[in-house]
*Asks:* 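Structure below; questions to follow.
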Amino acid sequence: MQTEKVWEDFAALPLEAQKQVADFVAFLRQRVEKTGANKQARKTQLAKEPFIGMWADRTDMHDSTK
């Protein structure tokens with residue numbers, strides 16, 4: 001991407017259009033941040049979650065699928 005060209009095009013826009021571009025950029029950043037947070041959350045290994053095995057000592061639940 002040609003950063004200088006983008007800035008030139010942005011500067012050539014009327015002020016109202018520049019505001020719209022800034023709003024759109026803020027929207028995209030927010031969406032990317034949320035997506036990044038979701039990707040990070042998905043990378044967590046389930047076996048390392050504290051709730052895994054919390055009923056392992058219960059004698060009344062030998063097979064929880066039944």
Side-chain angles (χ1 to χ4, degrees):
M1 181 187 316
Q2 298 175 350
T3 306
E4 290 179 31
K5 174 72 170 127
V6 171
W7 279 113
E8 288 173 11
D9 290 345
F10 176 79
L13 293 171
L15 185 58
E16 185 58 35
Q18 289 180 4
K19 289 178 183 178
Q20 290 177 356
V21 170
D23 287 344
F24 184 64
V25 169
F27 163 76
L28 289 176
R29 286 186 59 125
Q30 185 178 32
R31 189 171 75 175
V32 167
E33 288 172 5
K34 285 182 181 179
T35 304
N38 289 341
K39 285 182 181 179
Q40 183 64 29
R42 281 188 242 133
K43 290 182 182 179
T44 303
Q45 292 182 355
L46 185 59
K48 292 184 179 182
E49 291 296 322
F51 63 85
I52 298 297
M54 65 184 185
W55 291 300
D57 297 334
R58 290 188 58 173
T59 57
D60 60 328
M61 296 181 68
H62 296 290
D63 187 358
S64 63
T65 60
K66 289 184 178 180

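The structure displayed is predicted, hence computed values, not measured ones. Starting from 1, each residue takes its place in the sequence as its number.
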*Asks:* Among all residues two or more places apart in sequence or in another chain, which pass the side chain to side chain contact (heavy atoms under 4.5 Å, CB included) test with E16?
*Replies:*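 Residues passing side chain to side chain contact (heavy atoms under 4.5 Å, CB included) with E16: K19, Q20.
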*Asks:* Side chain to side chain contact (heavy atoms under 4.5 Å, CB included) with A17: which residues, sequence neighbours excluded?
*Replies:*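 For A17 the side chain to side chain contact (heavy atoms under 4.5 Å, CB included) partners, ignoring immediate neighbours, are L13, P14.
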*Asks:* Show every side chain to side chain donor-acceptor pair (under 3.5 Å) that has at least one partner inside residues 4-14, sequence neighbours left out.
*Replies:*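 Listed once each, the pairs are K5-D9.
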*Asks:* Given a cutoff of under 4.5 Å between side-chain heavy atoms of I, L, V, M, F, W and Y, with clusters grown through shared members, what are the other residues clustered with F27?
*Replies:*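 Besides F27, the hydrophobic cluster comprises F24, L28, listed by chain and residue number.
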